Amino acid sequence: MKRRTLLKFLAAGPFAGAAGHVHAAQPKTMKDVEALQAGWKNLLAAGTEVPNPAEPLKLSKDEWRKRLAPASYEVLREEGTERAGTSPLDHEKRAGVFACAGCGLPLFTSDMKFDSGTGWPSFFTTIPGVFQTSTDYKIIYPRTEYHCVRCGGHHGHVFDDGPPPTGKRYCNNGVALKFIPKA
Ligand SMILES: [Zn+2]
């Protein structure tokens, strides 16, 4: 890779300082964030059945392959990363809930989303208790990757350059998510 190409890649990638654009409803305090977390079901479409995070979904590799689209399988079960700018969910602005494409567990709401400018759907917080984290070293320095607590699916990485007040940026692969519009 030529140096200029690499720099371009770095500027666009998960290394980018990405507080980015934040919509008007951005919470100001951690109390506001907690209110968004507590009220996440307000963004759920009426009558949507959601799975219980305490009931794990365990399937074999073959079963996952049958159940998921190839791109989703690659991210969720093989810890792949989709190409930046390829997910329509990056520009999804409707009210609703982002659920795990593997098991249907609600993970984020539209109120938790912001435009990071990275080309991946980005969130400054999550619905509480839906992820487990671990450290990976795929790009020289350690990153915190997070997995769905119910099916173990890999979703993305969390960085400390998100907007205030959380300062967190959950950089999520769009193919790992299923958007459920509220209406
Ligand atoms: Zn899941």
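Residue numbers count from 1 along this sequence. Atoms within a ligand are numbered from 1 in the order they appear, just like the ligands themselves. Note that this is a predicted model, so its numbers are computed, not measured.
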| said: Between the side chains of Glu79 and Lys138, is the shortest nitrogen-to-carboxylate-oxygen separation below 4.0 Å, so that they form an ion pair? | reply: yes

| query | Should the pair Arg77-Glu63 be classified as a salt bridge under the 4.0 Å nitrogen-to-oxygen rule? | reply | no

| task | Would you please indicate yes or no on a ring centroid separation below 6.0 angstrom for Tyr146 and His157? | result | no

| Interatomic distance, Asn172 atom CG to Asp90 atom CG [nearest 0.5 angstrom] | 11.0 Å

| Is any protein N, O or S atom closer than 2.8 Å to the Zn ion (ligand 1), and if so, which? | Cys100 SG, Cys103 SG, Cys148 SG, Cys151 SG

| Can you list every salt bridge (Lys or Arg N to Asp or Glu O under 4.0 Å) pair that touches residues 91-108, not counting sequence neighbours? | Glu92-Arg94

| task | Kindly check if the number of other-residue, nucleotide or ligand heavy atoms within 6.0 Å of NZ (Lys178) is above 12? | result | no

